[in-house]
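Structure first, then comments.
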Amino acid sequence: ESIIKIVDIDGRAQVKNFSEDIERMLGSKMKSVKVSTKVRYKLVFDKSMREVKDSSLVFDYYNSMLVNTMDDDGNFIELGGEFPLEENEHFNNIPVNTMQSDVQVPTNVYNKDPYILNGIYMSEALNDVFINNFQKDPTLTWQYFGSSSGFFRIYPGIKWTPDSNGVAAFDCRNRNWYIQAATSPKDIIIVVDISGSMKGLKMTIAKHTINTILDTLGENDFVNVIAYTDYVRYVEPCFQGTLVQADLDNREHFKVLVDELHVKGEGKVAKAMKESFKILNEVSTKGQGSLCNQAIMLITDGAMEDFKDVFEEFNWPDRRVRLFTYLIGREMTFADNTKWIACNNKGYYTHISTLADVQENVMEYLHVLSRPMVINHNHDIIWTEAYMDSVLFATKAQSLLLMTSVAMPVFSKKKETLSHGILLGVVGSDIPLLEVMKLAPRYRLGPHGYAFLITNNGYILAHPDLRPLYKDGKKLKPKPNYNSVDLAEVEWEDIDETLRTAMVKGETGTLSLNVRASVDKAKRPMFLTNDYFYTTINDTPFSFGMVLTRGHGQLMFMGTVSVEEGLHDLTSPDLSIAAEWTYCETDIDPHHRKYSQLQAVIRYLQGKEPDLECDEVLLQQTLFDAVVTAPLEAYWQAIMLNASGMEAGVETAFLGTRSGIIRLTRYTGMETRVAKKFLTPADKDNLFTMDHFPLWYRLAMENPPGRFLYYMPVEDNDNKDKTGTVGLPCDPWLSSIPSLVTHLFILILSSSLQVGRFFGEVDGSVMTALIKSGMFKQVSLYDYQGMCRSGHSHSSTCFSIMWAGIRTVCDCVCVCTSLKQTKMTLMSTLSSLAHKAKKVDALQPCDTEYPGFVYDSSIRETNSLIKCGRCQKMFVVQAVPESNLVLMVVQADCDCSRQYSSITLEPKEVKYNASVKCNRMKSQKVRRRPNSCHAYHPKVSPLPSSLYNCVILS
């Protein structure tokens, strides 16, 4: 007989004899397994039937949690040797070691377990592979290997930061890239016992087990949860008799409902098993669900019988549905039946007695599902949905990067274990989606154009209108559903989902839509006609789309100038180019990463860096724009040097071109400026970025040529000046407008009118009259990425004093200066009417509707008399020539708040009744299934039951 020795954590040796099955599996190569007293370890054969390793191996490695850590004597601790780290801009300025990978081991896994040590030793060969990959392609980011035993090898090496409790909770086996690569899509029904015997700790463990199973599912999987006592109960009655997509929203919804489960009655599992088989059979027959793996997860404290008649009726002899059983609690009275159920349905049995056991035991089902793929030696390459990884990139939400992962399984090819289907782990790499979007240069798309990516499920990977973060107090946090935003929720004008359906199916084509777009934080509506161009990306589940707005982006104005002339003007101190655009690729050669885009362009044109890869078309356009706009610098300087100088209050003169150039002259010191943030690196809305052209540029494009655009860049409340106001880059009389004001009317009051009451009123009488007269039109806009509080709170009100969004001019150049003919005085006593809502509940994802107001430029003047009880309010409105301003004179001594409610610009939550909400949750939109499915393999040899928790025929 072969002997396996076990050493417990105290080092006491024990001997256990196994049957002849052990000898048959070990073979002649290894008649006994020796015990090393140098390391603490578990069974050499663990219950997952992993390969036998050298248990005497002594091996040091770089543990990412311990590197560069010294003891009290100044010596490096074990596994924590000297590990040079240097900040690297390519890796988000994180200190890394590009010459060495290191290993992270979760706190709940012993970092010197023999299986861990052998796996780390085996994976050392990946270090050279990772380095060579990065040298061949310097645009690569993180490369890694996640082991089935739990360790995580990452390149470049980093110092891993534990959480506030000093715990490394990150387990690579829980990550979506690992789970998707290790298994094929699956339909899962979780059946949980909520009878009286499950009370107390058992129920707590059962709930944690359900949540852990849910965490292993992704958007290509389908799921339902059934609870049973003496009757069958769906935890979500809306999902009765069906499966729903296991996207983030549905998984979190299940978790909330599971937490509300209570024990009662007597447990009768047969009804729940029959119901589960019926659902899986019906879903498969209708062509719904994953059409791949199917499994039932039974969570109970024991089965009093084996339910053979149920399996004979629904699952035998094919056994297409696997059963995984989880015995909860310390009692083992009915363990044999629970184990028999799993063993005779190609599943897996595990015993969970404490909360600490849940994670490891749940993960075992993934190894079982992976075996057919492993035995077939199918290296399926998978791509994940978009995600943010705060562990690898930063601890601050502002620095989070949206990315996707590409991964593939790694398995044992040894002949003696080939039929066992042993998964060693998953290897992968992260791809920032920003790099993918660079393939669609911003300048080619025009002011309103953009590119976007979606998955095979219709979820957005990248889109300029995707808002993955929300502000909670002063902190930015990822939204709970940031990576499951459907294309139909952003391109919501595609009512019939024609665009979404075509892209999800992987088609190539075009489509035109009239859309209501919104800019300036969704406060200004624009009506555009968009042409959509779309296609699939080969060898990925993704589709790419590009939008061009009619009238913009289809043609570019080009010119030719000499390099010498262009360089002279490009180096002007008042000129900058779009920092986020790629004029020259500085990320390929590490030596080029120190250059800004402007520095790289100049050195390339000077011939100092001929190896740089640059966009020749964009450089030609940039040089031409620099030369053509150069006279403005001299003009602005001449005004400043003139005896009379620039008119008082004008702070900034600026210009922008399609090539990303901004020329900027500031006329007053930073300490006296009102719009302190305007056109600074922090003012993303008003700069050229990867996502958009500046807001003032986009607004100007929609104005008739020859009209000036007056636009107010609203700064954050936290950064407003001491008077609580923000100013404009143009005229000083705009500096008194409160920061919460969005749509304003210029107001000039005669000395005969009283203004005090007017500035304090909150009624919507004047705006109602303007809408009724046709001067303004109210339109409805929608936001399907909103965040709402479940409690009641007061919203900020919009006032009857507004400055209209009548939009203006400039094709490729926008200049903002003072206009003598429109110089006016605006009362500086306008106060904000908004008050902040109290935080009563946590913010939750929701759908919202909000109004937008559009000015009809054909109506140049209007007036009216509004009757409000015992008084009446008179007003006159007139358009200011050659501008987007409206002049209003209002009689302000009449309070109309009783007759006219306030008009709020705040979004209102769209409430759905129970039926609509149910249909939305369980509806299965058009989706494209993954190309491959590995659910069954007939040539798998049975494993010895003495070693396994059950016999598994994959």
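The structure presented is a predicted model; accordingly, all values stated were derived computationally and were not measured. All residue numbers refer to positions in the sequence shown, counting from 1. These numbers come from the heavy atoms of this one structure, side chains and all, not from hydrogens, waters or symmetry mates.
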Side chain to side chain contact (heavy atoms under 4.5 Å, CB included), that's the test. Do V368 and R322 meet it? Break it down for me.
CA-CA 10 Å; V368 175; R322 298 180 186 266; 3.6 Å; yes
Do L214 and V223 touch side chain to side chain, with heavy atoms closer than 4.5 Å?
yes
Can you spot which of K255, R173, R175 makes a salt bridge (Lys or Arg N to Asp or Glu O under 4.0 Å) with D215?
K255
D486/R500 ion pair, N-O < 4.0 Å
yes
Show the numbers, then the answer: is there a side chain to side chain donor-acceptor pair (under 3.5 Å) between N211 and D259?
CA-CA 9 Å; N211 291 342; D259 189 56; over 6 Å; no
Has R233 got a side-chain atom pairing as donor or acceptor with Y228's backbone, closer than 3.5 angstrom?
no
Are T384 and N176 linked by a side-chain donor-acceptor pair shorter than 3.5 Å?
no
Side chains of D247 and N481: any donor to acceptor distance under 3.5 Å?
no
S147 side chain to F151 backbone, donor-acceptor under 3.5 Å
no
With side-chain contact (heavy atoms from CB on, under 4.5 Å) as the test, pick out the partner of I341 among F324, F307, Y349.
F307
Over all heavy atoms of both residues, which pair between P185 and C292 is shortest? Give the atoms and the distance, please.
O-CB, 3.2 Å
N345-N315 side chain donor-acceptor pair, cut-off 3.5 Å
yes
W142 backbone acceptor or donor facing S429 side chain under 3.5 Å
yes
Heavy-atom pair with the smallest gap, counting every atom of G146 and C172:
CA-SG, 3.5 Å
Could you walk me through whether D193 and S195 satisfy the side chain to side chain donor-acceptor pair (under 3.5 Å) test, starting with their C-alpha distance in whole Å, then the side-chain angles of each, then the deciding distance to 0.1 Å, before giving a yes or no?
CA-CA 6 Å; D193 183 355; S195 63; 2.8 Å; yes
Spatial distance of atom CD (E507) from atom OG1 (T501) [nearest 0.5 Å]:
8.5 Å
ring-ring contact (aromatic ring centres under 6.0 Å, His included) evaluation trace for F152 with F170:
CA-CA 9 Å; F152 180 64; F170 176 88; 5.1 Å; yes
Over 60° means perpendicular and under 30° means parallel, so tell me whether F311 and W316 are parallel, tilted or perpendicular.
tilted
Does the side chain of Y470 come under 3.5 Å of the side chain of Q785 through a donor N or O and an acceptor N or O?
no
Quick check against the 3.5 Å criterion: does T536 have a side-chain atom that pairs as donor or acceptor with the backbone of N538?
no
Any side-chain heavy-atom pair from K479 and R467 closer than 4.5 angstrom?
yes
Could you check whether E275 pairs with K271 (Lys NZ or Arg NE/NH1/NH2 to Asp/Glu carboxylate O, under 4.0 Å)?
no
Side-chain (T183) to main-chain (Q180) donor-acceptor, under 3.5 angstrom
no
With no hydrogens and no angle check, do the side chains of H934 and D380 hold a donor and an acceptor under 3.5 Å apart?
yes
List the atom of T216, the atom of D221, and the distance in Å for their closest heavy-atom pair.
O-OD2, 4.3 Å
Is there side-chain contact between I179 and K186, with at least one heavy-atom pair below 4.5 Å?
yes
When N457 is tested against each of R927, R928, R929 for side-chain hydrogen bond (donor to acceptor under 3.5 Å, both in side chains), which residue passes?
R927
Quick one: CH2 on W177 to OH on Y144, what's the gap to the nearest 0.5 Å?
5.5 Å
Heavy-atom side-chain contact between M198 and I194 under 4.5 Å:
no
Is a side-chain donor or acceptor of T338 paired with a backbone partner of F334 at a separation under 3.5 angstrom?
yes
I need the minimum non-hydrogen distance between A246 and L217, along with the two atoms involved.
CB-CB, 3.8 Å
Nearest non-hydrogen partners of L327 and G302, listed with the distance
CD1-N, 3.5 Å
May I ask you to test the L323-M273 pair for a side-chain heavy-atom distance under 4.5 Å?
yes
Identify the two heavy atoms, one from E219 and one from N483, that lie closest to each other, and give their separation to 0.1 Å.
OE1-O, 4.5 Å
Partners passing ring pair (Phe, Tyr, Trp, His ring centres under 6.0 Å) against F239 (at least two apart in sequence or in another chain):
F254
State whether Y912 and R920 meet the cation-pi test: NZ (Lys) or CZ (Arg) under 6.0 Å from the six-membered ring centroid, and within 45° of the perpendicular axis.
yes
If we only count heavy atoms from C-beta on, is the Y534 to M546 side-chain gap below 4.5 Å?
no
Considering only heavy atoms from C-beta outward, does the side chain of L434 approach that of L402 to under 4.5 Å?
no
Check against side chain to side chain donor-acceptor pair (under 3.5 Å), Q359 and H208
CA-CA 9 Å; Q359 184 67 48; H208 186 39; 5.8 Å; no
Between the main-chain N or O of V321 and the side-chain N or O of Q294, is there a donor-acceptor pair closer than 3.5 Å?
no
Begin from the C-alpha positions of L461 and I454 and carry the test side chain to side chain contact (heavy atoms under 4.5 Å, CB included) through to its verdict.
CA-CA 5 Å; L461 282 166; I454 67 169; over 6 Å; no
I'd like to know if the side chain of K202 reaches the main chain of I328, judged simply by a donor and an acceptor atom lying under 3.5 Å from each other, with no hydrogens or angles considered.
no
Applying side chain to side chain contact (heavy atoms under 4.5 Å, CB included) to S276 and I226, what does each step give before you reach the verdict?
CA-CA 8 Å; S276 301; I226 294 176; 3.9 Å; yes
Before you tell me yes or no, could you show the steps for V191 and I299 under side chain to side chain contact (heavy atoms under 4.5 Å, CB included), namely the whole-Å CA-CA distance, both residues' side-chain angles and the distance that decides it to 0.1 Å?
CA-CA 6 Å; V191 179; I299 302 170; over 6 Å; no
Short side-chain to backbone donor-acceptor contact, S284 and N281, under 3.5 Å
no
Donor-acceptor under 3.5 Å (S184 side chain, A935 main chain)
no
Under 3.5 Å, is there a donor-acceptor pair linking the side chains of S405 and D430?
yes
Heavy atoms, side chains only, cut-off 4.5 Å: are T404 and Y387 in contact?
no
